[in-house]
2 protein chains.
Amino acid sequence: MYKEGIIDLFPYLCQVTFMPSRDQKKSRVTLLDVARRANVSRATASLVIRKSPLVGSETRARVEEVMRELGYVYNMGAARLRAERSHTVGVIVPNLTNPFFAELLSGIEAMIDEAGLVVILANSGDLPDRQDAVMQRMREHGVDGVILCPAAGTEPTYLRRVAEWNLPLVQALRQISDEADYAGVDYAGGMHQAVDYLVSLGHRRIAFAVHGPIHSAYHERISGFGEAMQSHGLGADMIIRVPNQLGGIASSANLLLNRPDPPTAVICFNDVIALGLSAGLYDCGVKVGSDFSLIGFDDVTDAEAMRPRLTSVSTAPATIGNNAARLLLNRLADPLRPPERIVQQTQLHIRQSCGPAMIAAV
Amino acid sequence: MYKEGIIDLFPYLCQVTFMPSRDQKKSRVTLLDVARRANVSRATASLVIRKSPLVGSETRARVEEVMRELGYVYNMGAARLRAERSHTVGVIVPNLTNPFFAELLSGIEAMIDEAGLVVILANSGDLPDRQDAVMQRMREHGVDGVILCPAAGTEPTYLRRVAEWNLPLVQALRQISDEADYAGVDYAGGMHQAVDYLVSLGHRRIAFAVHGPIHSAYHERISGFGEAMQSHGLGADMIIRVPNQLGGIASSANLLLNRPDPPTAVICFNDVIALGLSAGLYDCGVKVGSDFSLIGFDDVTDAEAMRPRLTSVSTAPATIGNNAARLLLNRLADPLRPPERIVQQTQLHIRQSCGPAMIAAV
DNA sequence: ATCTGCATTTAGATCGATCTAAAAACTTTT
DNA sequence: AAAAGTTTTTAGATCGATCTAAATGCAGAT
C-alpha cells in the first residue's frame, strides 16, 4: 500500500505549499497522511489518537508532533462507522422557549460535554408525532443514546419500542415507564411543602392554579396537592385552569376572587403562573403577601426580582439535567444495568409573597 | 421484531428468525439487505432513499416496501463518510440559561430542522478558549457549518482561521468580522427609538444601565446611545455599570438616585436589568412610570407581566435565529456567494413604565 | 437486423477510521 | 545462544453508505 518512501520531501506538504487554492475540497489530512509522515502504520497512528497505552512513548510523541504539524482533524464520522459509537447524544425537549427547559438543557449539555460527547438537540413541540419523527432522525444520525422529556400523551409502549431499537433512553422530568431510567423531581413532596407552609400560616381555603399539557409531572403535582390537603383535613377541590399565555393569566386573577367561596392562598403550577397572577392581583388592588398569599413552583431567577419577592418551591432544573446526563452516561457504560431513578427533593424558598390568613374572610 | 415472510429464500431473514436473541448488536439492517430482498443492487436501493428521479416507479415502490418490512434505518454516518456532508449544523452560544439565547436557539432549531438537518449544540460560556475547544469538537464531528454567537473577546483573525478550515460560519448577534455572514439586530436604531421617546416625554437627564461582557453588541448599544443623545444636544455621560446577577441589580438602584445630578429616566441594556431596577426602585419607594421612567431592551415575555408593564425595545431573538439559520443554509447551497448581513429592525413596545419628566427635579 | 437515444440499473472502487490476529522488535530467562 | 515472554507495530479486512462509469433493456428510426 503506502511505500516506506524515505524522506521524499513529503508530497503532502508540497501540495499544501504550492497549491493552497486548489486544496479547497480535496485535501483533507487523513490518518494515513499522518502515518506516512511519521513512518508508522495507520494502525499505530490510530492507537495514538485514542490514547492507547500500547504505543511506545517515543513513537507517540513523534506521531502527535506530526498531527500538529499537518493540522490533522479527527474524523469522528469515519470512526463511528467502524466502531459503532458516535459520541453523540440526542436531547429532545418539548419547548426551548420555556426558561425551565433551557436550564434543564444547560445542565445536560454541561455534563455531556464534560464526558467528551456532544448534544444533538431537537424540539418535540410536546407533540407525540413530531417527537417520533425527531426520534427517527436521531436514530439515523446514530446517537449513542437519548435524553427524552416525553411529550404529553407519550405512551409507555412507545418507550418499549425505543428499547427494542437498542437505543438507550433516559426520561427526564416526566416518567412514562418504569422500565427506563428517569431523572426528575419529587413534585408531590414539593406540593406538600407548599401546602404545609400555607396551613401553618392559618390558610384553609387553598387553590391550585394550573395550565399547560397534561403529563405525568402534571398528575403528580395534582395528586400531591390532593394528598397534602387531605392530610390536613382539607378539601382539594379548588383546582383552577388558567390560560397558557402569560398575558391571559393576569386577567384571570379576578376569577379567583369572585368565586362564591374565594381562596385566601394560591399555589401555582409554575412560576409563570405565579408571575401572571401576581400581576393580575395587583391590578385588582389586592396586596399579595398580606391580603393574599401566593406560592410559585420552580423558583426561576425572576422569583427574586418580583415585588413582593415570590415564595417558590425550587426544582433546580439544571441539576435534573445533570442527573439525566449522568444516568445516560452510566447506561452507555453498562447497558444491562437495571433501570435507575434519580428523584430530587424540592426546597421551599420562603420570601415575601405569603402572609397569615385573614380570619375575617369567613 | 418482524415475522418471517412466507417465502424464506432469504438468508438474512433466517438469521433473524432463528437467532433473535443474538442479534442484539450485530444485525443492523443494511442497504445491502434491502437490495437483496428487493432483487436490486445496492446502488439502486441507495438511489431510492435519496429520492432520485432515476429509478423506475415500480422499482421504487418495491424497494420502499421492503425497507418498511425490514425496519431499515438509514445510516447517516456511513453516508456522510462518502458524501462529505453530515446534515449537521453546529450552534455555539455563550449561555443557555439566558432566555434571550434560548429563544435565539429555538429560532435556529426550527429552521434547521425544517431543512432536514440537525443541530449540534454547545456552550462557550463566553470564553474564547472554550469556544475554540468546542469549535474543534464540531470540526471533528464534521458539521456542515456553524452558527456562532461569538464569545466576548473573539478576534477577527479567529474567524479568518475558521474560514481557512473551509467551515462555513454565520455570526449571530455579535459581529466580529465582515468577511462572514451575520444575522443580528440594529441595536443602535433601538437605542435611538428609546432615547427619542424619552426625550419626547421631556426627559433630558437619561442614564444607560449596562452589565455583562464587552462585545460588539455592547459597543453598538453604547455608541447608539451616545449618538442618539447627541442628536438631541444631550450628553451621554451617564453610563452606569450594574452587577451581572439579578439580585445585585435591585440593590444598586439607589446609586442611581443618590447621584449629585440624578437621571429622570434609565434605559437598560436588557430586560434583566430593567426587571432588577424596577424592583430596586420599588424598594426605594419610587413609582416607576410616574416618578421615574424605565425602558428595557429585548422585550422578553416578562415585560408584559411586570407592574407597571415594562416599555421595552423588542429584538425578536427567535427571528434572528431564523435569519442566522437561513443564512447558513444559503451558504451551504452556494459556498462562494459574497458575505451577507441581515440586520433586523427593533421596535419600541410602549407600555407603562415611562411617564413625562418631572420639571421640579432641577 | 442494426443502430441510435433514452431511461434504468449496476459492479466495483471509495470515503477514513477501527478491529483482529499475527508479526516484529526487544527483554529477560534458561 | 536459544527459548520464552513482553512490548510495540502492522497488514488487511471491515463498517454502510455514495460515486463513477459503464452496462442493460427497450423504444423507435434506419
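Throughout, protein chains are lettered first and strands after them, A, B, ... in sequence-line order, and every chain is numbered starting at 1.
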Check: B:Ala122 main-chain N/O paired with A:Glu109 side-chain donor or acceptor under 3.5 Å:
no
B:Asp144 side chain to B:Ser86 backbone, donor-acceptor under 3.5 Å:
yes
Under 4.0 Å from any atom of DNA chain C, heavy atoms only: list the residues of residues 132-146 of chain B that qualify, in numerical order.
none
Checking [X] now: which residues fulfil salt bridge (Lys or Arg N to Asp or Glu O under 4.0 Å) with it, not counting sequence neighbours?
| X | value |
| --- | --- |
| B:Asp113 | A:Arg130, A:Arg137 |
| A:Arg82 | none |
| B:Glu65 | B:Arg68 |
| A:Glu340 | A:Arg337 |

Taking atom [atom2] of [N] as reference, at what distance in whole Å does atom [atom1] of [X] sit?
| X | N | atom1 | atom2 | result |
| --- | --- | --- | --- | --- |
| A:Arg85 | C:dC19 | CZ | P | 11 Å |
| A:Leu31 | C:dA17 | CG | C1' | 7 Å |
| A:Met76 | C:dT18 | CE | P | 10 Å |
| B:Glu84 | C:dA17 | CD | C1' | 13 Å |
| B:Leu70 | D:dG16 | CG | P | 14 Å |
| A:Arg28 | C:dT14 | CZ | P | 19 Å |
| A:His87 | C:dT18 | NE2 | C1' | 11 Å |
| B:Arg80 | D:dT18 | CZ | P | 13 Å |

Classify B:Arg50 by what it touches in the nucleic acid, base, sugar-phosphate, or nothing, heavy-atom distance under 4.0 Å.
sugar-phosphate
Which residues pass the side-chain hydrogen bond (donor to acceptor under 3.5 Å, both in side chains) test with [X], sequence neighbours left out?
| X | value |
| --- | --- |
| B:Ser124 | none |
| B:Ser46 | B:Arg50 |
| A:Asn323 | A:Arg326, A:Gln344 |
| A:Asp129 | none |

Whether each nucleotide of nucleotides 6-12 of chain C has a protein heavy atom under 4.0 Å at its base (B), only at its sugar-phosphate (S) or at neither (-) is summarised, 5' to 3', as --SBBBB
Select one nucleotide: of C:dC19, C:dA17, D:dG16, the one nearest the side-chain heavy atoms of A:Tyr72.
C:dA17
Phosphate contact (D:dC19 OP1 or OP2) by B:Ser46 side-chain N/O below 4.0 Å
no
Determine to 10° how strongly the helix from C:dA1-D:dT30 to C:dT30-D:dA1 is bent, judged from the axes of its five-pair ends.
60°
Residues which pass side-chain contact (heavy atoms from CB on, under 4.5 Å) with B:Asp132, listed by chain and number, not counting sequence neighbours
B:Gln136, B:Tyr158, B:Arg161, B:Trp165
